[in-house]
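Here's the structure we're looking at; comments come further down.
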Amino acid sequence: MDPVGLLFFLVGFLIMAGIYAILCLALNVQWGYGGLFNAGIAGFFAVGAYTSALLTAAPAQTHLGGYELPVLVGIIAAAVTAGLTGWAVAKICIRLKSDYLAMASIGIAEILRMVIVNEDWLTNGSLGITNIPRPFDGLLQGREADILFLAFVWVIVAIVYLVCNRLYDSPWGRTLRAVRDNEDAARAVGKDVDSFRLQTFVIGAALMGVAGALSAHYFRFLSPEATEPLLITFLVWVMLMAGGSGNNKGAIVGALSVWAIWSLTEIVTNRLPAEFATRSSYIRMLLIGLLLQFVLQKYRSGLLPERSPGIAFDKDKDKTHG
Amino acid sequence: MMEFINFYLIPGLALGSIYALGAIGISMIFGILRFAHFAHGDVMTLGAYGTLTAVWVSGLHPLLALPVGIVFAVLAVLAVDKVFYKPLRELPTIYTVIASFGVALIFRSLIQLVWGSQNEVFIRGVQKPVVLFDLIRVSLLHLEAIAIIIGVAIALHYFLSRTQTGRSMRAVSDNAELARVAGLDTEKIVRATWIIGGSLAAIAGVLAGLDTNIQPNLGWNLILPMFAAAILGGIGKPMGALLGGMVIGLVEELSSYPWLTDEPLINPSYKTATAFLMMVILLIFRPQGLLKGRLF
Amino acid sequence: MSPLLAIDGLTAGYGGLPIIDNINLLVAPKEIIVVIGPNGAGKSTVLKSVFALTSILSGSIRFANQEIAGIATQKLVPMGICAVPQTRNIFPSLTVRENLDIGTYAAPPRNRAEVEESVLTLFPDLKAKLNQPAGELSGGQRQMVTLGRALMSEPKLLLLDEPTAGLSPAYLERIFDLILAIRQTGITILMVEQNARQALSIADRAYVLVNGRNFASDTGANLLANDEIRRSFLGGSRPS
Ligand SMILES: Nc1ncnc2c1ncn2[C@@H]1O[C@H](COP(=O)(O)OP(=O)(O)O)[C@@H](O)[C@H]1O
Ligand SMILES: [Mg+2]
């Protein structure tokens with residue numbers, strides 16, 4: 001590969017890794033902080049992606065809107081709609097135990113997918129939405145514009161990271177971990193466990209919406225295929241487990257390393273004889289599945305384990321939230 | 001009326017049989033190993049492809065080649081349990097749930113690697129419907145599915161209430177620690193669970209494949225209605241799951257019957273959503289299921 | 001006579017954290033041995049250690065002169081040890097007959113019908129309820145089901161954890177009578193009890209456990225007569 005090609009391969013890699021990093025940070029808020037098993041990441045991602053796409057795309061007959069609003073407005077709206085969806089989901093499912101929450105969240109994500117595929121007037125169905133802008137469009141042309149978008153994505157990653165870190169260290173975060181590690185004790189000292197969980201779920205869902213919006217803007221095109229649960233939900237779970245759930249740096253490292261494996265295997269499998277090349281994505285899926293098993297058995301706490309081992313509940317620590 | 005029976009009731013019962021066969025295994029695994037087995041749909045797919053290969057090699061009818069698919073699926077789940085699930089057994093079950101997601105992915109990618117991702121069919125050409133009394137015209141497959149589920153219901157009831165292994169399985173599902181104290185061989189019971197769950201999943205996979213066609217997402221697409229069925233029947237209650245499967249299948253098919261107006265009650269493209277919706281509603285209002293299963 | 005069960009210097013607990021420390025305890029064949037002590041003293045932990053449900057840090061447990069510390073739970077039933085846990089000790093959705101049947105799976109008795117007959121003679125209340133789910137029975141009847149299940153494999157040693165917990169006084173008397181009747185059939189009994197006074201009155205010998213340590217041990221009668229024990233563990237007043 002020539003140096004320029006390599007550079008742009010790297011740019012594309014880092015953009016996607018950044019989007020996955022946001023998803024991982026979001027899942028870390030839900031699972032790492034709150035112990036909530038969300039198996040419907042793709043659903044919130046899709047809500048965010050479609051919100052921002054419809055608000056910012058050029059007007060079109062084939063779907064709702066195309067309101068040509070600024071990208072930033074689209075992204076904020078994506079966070080709001082995904083957060084609201086998360087709120088509605090959490091409102092009904094938050095009390096469910098982990099396995100049941102997993103089933104319910106997958107179920108809801110699947111219903112959302114069905115709506116996206118079937119409601120042509122809203123989303124143009126499987127044909128998708130085109131002409132989705134990027135921020136600073138026109139400033140740079142062609143592939144150079146990717147570099148600009150890369151910077152944009154990672155600025156957002158940095159913001160999300162800082163916010164998540166603040167949340168972790170705040171009294172709110174401490175209480176949340178206490179709820180995660182010992183729900184009964186938390187309830188016993190009068191914490192409103194359900195409301196803490198609801199907040200966690202909503203924050204995570206909103207961030208997933210932001211990631212969805214970014215991906216729509218990156219590809220400038222959005223169809224139901226972009227919300228394939230395999231590529232979103234599965235991969236993000238593997239990333240977070242590998243990186244270290246409970247640790248925000250771990251979430252980012254997990255996203256980068258697993259996405260690196262995913263991308264590098266693409267390079268390798270593309271060089272296989274044509275007969276195999278068509279099946280390369282299955283080999284990658286297989287590898288990711290095996291990687292997950294390896295992590296679960298040998299590196300359960302991930303590359304960067306959580307800083308403080310799950311703290312025991314201490315009722316004197318954060319009276320502010322009592 | 002005849003239209004209702006031919007196009008909604010019988011297909012609903014047939015679909016219900018497929019769900020029921022999968023849900024029985026899900027419910028048993030949830031009751032005994034205490035985790036939601038998200039790879040169960042893909043076990044169905046494996047059973048379908050195993051049978052398909054046997055059909056290619058032998059030229060037999062799929063239902064006669066079924067034992068090959070069953071053995072294939074059972075060997076796969078036993079291997080997966082040993083390699084991927086057993087090492088996590090002492091940990092919180094959520095790790096096993098995550099592992100089962102990974103296994104679903106592994107199964108599906110292996111299927112795509114070996115068989116490709118194109119649609120395959122068991123039997124080419126249009127099947128003639130069975131005509132009864134000049135009025136009822138239904139597909140033979142649907143009748144076969146219903147006959148199979150009746151047979152399975154009888155065998156399962158006998159197994160669970162009369163045999164030592166069946167009773168031990170119910171005991172572990174009821175109270176695992178006491179079962180251990182009473183000296184029951186938990187690993188043997190776990191093995192029996194996988195063998196039964198895997199076999200029934202393979203049958204379900206073949207029926208589903210006969211009903212439409214065979215493709216790598218065959219089972220995954222059915223996992224949520226099957227979970228719904230298992231929850232409906234009460235987790236850890238295999239007979240309940242069987243009933244739950246029939247109910248979910250019927251509801252799904254009947255939801256697009258023109259009950260109120262000339263239009264289908266629910267747009268057929270949202271047929272599957274009714275099952276998901278039922279599951280979510282159940283989880284919220286009656287997680288113990290209709291038959292009072294276990295609450296985790 | 002060599003003891004049937006000999007616990008020697010046993011330190012055990014959960015997840016590496018010791019709960020009981022250097023416990024010594026002997027059970028001779030055909031004895032009824034009672035363990036009493038305040039709540040949380042580690043009484044259940046002693047029984048669970050015999051049954052390999054704790055992590056054993058040091059010490060030995062010998063059953064019929066064979067070391068059993070660390071032997072898997074499911075191997076103990078065939079050796080002749082049966083246990084009745086303190087709580088959750090029946091299979092609620094299984095019928096009474098099925099509950100009893102489970103007792104025979106790990107160690108099939110020589111003559112199943114005969115054993116069931118003798119168990120039902122001990123617990124005639126269960127006869128009418130054989131086909132009812134055990135979860136529908138009253139507390140006392142459940143206790144009989146779980147005792148019956150344990151007896152179905154004809155054990156040599158029976159471990160009972162608070163068999164009278166939560167029972168009405170009428171049932172309480174009956175359970176103690178039943179325990180004596182079980183011993184009559186030649187079964188050795190090691191039991192933990194909260195109703196210490198009655199338990200001591202049927203005990204051959206008893207151990208008092210405090211804070212995970214041996215505090216006292218003597219014959220049941222001597223402990224009942226001991227002022228200090230009475231004050232601290234039997235609620236003070238002299239039996240009338
Ligand atoms: N499964 C367990 N895991 C951790 N600690 C336990 C467990 N069971 C009991 N404990 C602790 O061990 C101590 C002794 O318990 P136990 O043996 O049940 O007391 P007793 O039966 O004398 O009332 C208690 O402090 C209890 O909290
Ligand atoms: Mg106790």
Side-chain angles (χ1 to χ4, degrees), chain A residues 31 35-37 39 89 91-115 117-120 125 228-230 233-235 237-238 240-241 245 276 278-298 300, chain B residues 30 34-38 80 83-85 87-88 91-99 101-114 116-117 216-217 220-221 223-225 227-228 230-231 235 267 269-285 287 295-296:
Chain A
W31 169 250
L36 298 173
F37 195 120
V89 172
K91 204 69 195 158
I92 42 184
C93 309
I94 208 71
R95 274 169 220 212
L96 299 176
K97 293 270 180 266
S98 49
D99 297 37
Y100 289 160
L101 182 58
M103 290 181 217
S105 54
I106 291 199
I108 289 166
E110 283 302 312
I111 292 177
L112 285 172
R113 255 175 84 76
M114 245 177 251
V115 171
V117 173
N118 287 310
E119 299 303 316
D120 289 353
E228 169 64 37
L230 214 63
T233 307
F234 269 126
L235 216 48
W237 267 103
V238 177
L240 185 62
M241 298 307 290
S245 53
F276 290 99
T278 51
R279 297 186 173 184
S280 66
S281 66
Y282 314 138
I283 298 177
R284 289 154 72 195
M285 259 170 46
L286 181 61
L287 283 175
I288 291 295
L290 291 172
L291 177 69
L292 176 64
Q293 306 299 345
F294 177 74
V295 167
L296 281 173
Q297 286 187 24
K298 303 277 187 259
R300 243 183 323 277
Chain B
F30 213 150
R34 271 141 230 266
F35 74 97
H37 189 222
F38 277 90
V80 156
V83 180
F84 296 135
Y85 299 153
L88 306 175
L91 299 170
T93 54
I94 200 67
Y95 288 108
T96 321
V97 176
I98 299 173
F101 270 103
V103 166
L105 201 60
I106 291 171
F107 278 166
R108 217 168 319 151
S109 47
L110 282 175
I111 286 168
Q112 284 165 321
L113 278 172
V114 175
S117 54
N217 282 324
W220 175 251
N221 291 341
I223 189 84
L224 287 170
F227 274 133
I231 293 165
I235 287 297
N267 179 342
S269 37
Y270 285 109
K271 231 162 50 173
T272 15
T274 54
F276 300 166
L277 220 56
M278 271 186 72
M279 179 182 81
V280 173
I281 292 170
L282 257 165
L283 282 174
I284 296 156
F285 293 106
L295 249 178
F296 284 85

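What you see is a predicted model, and the numbers here were worked out from it, not measured in a lab.
When every heavy atom of Tyr95(B) is checked against every heavy atom of Leu88(B), the shortest pair comes out as O-CD1, 3.8 Å. Between Phe234(A) and Gly102(B), the shortest heavy-atom distance links the atoms CE2-N, 4.3 Å. Residue Pro216(B) comes nearest to Gly116(B) through the heavy atom pair CG-O, 3.8 Å, listed as atom of the first residue, atom of the second, then distance.
Contact annotation for Val83(B): only backbone heavy atoms (N, CA, C, O) come within less than 4.5 Å of a heavy atom of chain A. Contacts between Leu91(B) and chain A at a heavy-atom distance below 4.5 Å involve the side chain alone, from C-beta outward. Only the side chain of Leu224(B) has a heavy atom closer than 4.5 Å to any heavy atom of chain A. At a 4.5 Å heavy-atom cutoff, Val80(B) makes no contact with chain A through either its backbone or its side chain. In this structure, the portion of Thr93(B) lying under 4.5 Å from any heavy atom of chain A is its side chain and not its backbone. Contacts of Phe107(B) with chain A are absent, with no heavy-atom separation under 4.5 Å from either backbone or side chain. Residue contact with chain B, scored on non-hydrogen atoms closer than 4.5 Å, involves the side chain of Arg300(A) exclusively. The contact between Ile98(B) and chain A is made by backbone and side chain atoms together, counting heavy-atom distances below 4.5 Å. When heavy atoms are compared at a cutoff of 4.5 Å, Val115(A) approaches chain B by way of both its backbone and its side chain.
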Next item on the list: Report the C-alpha separation of Phe38(B) and Leu105(B) in whole Å, then their side-chain angles, then the decisive distance to 0.1 Å, and conclude whether the side chain to side chain contact (heavy atoms under 4.5 Å, CB included) test is met.
Entry: CA-CA 10 Å; Phe38(B) 277 90; Leu105(B) 201 60; over 6 Å; no

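Note: Met114(A) CE to Tyr270(B) OH = 8.5 Å, rounded to the nearest 0.5 Å.
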Using distance only, find each side-chain donor-acceptor pair of residues 288-296 of chain A under 3.5 Å and give its atom names and separation, not counting sequence neighbours.
| unit_1 | atom_1 | unit_2 | atom_2 | d |
| --- | --- | --- | --- | --- |
| Gln293(A) | NE2 | Ala99(B) | O | 2.9 |

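Side chain of Asp99(A) to main chain of Phe35(B): no donor-acceptor pair is present (N/O by atom type, distance under 3.5 Å, no hydrogens or angles).
Ranked by heavy-atom pairs shorter than 4.5 Å toward chain A, the options Ala228(B), Pro87(B), Ser109(B), Ser117(B) are led by Ser109(B).
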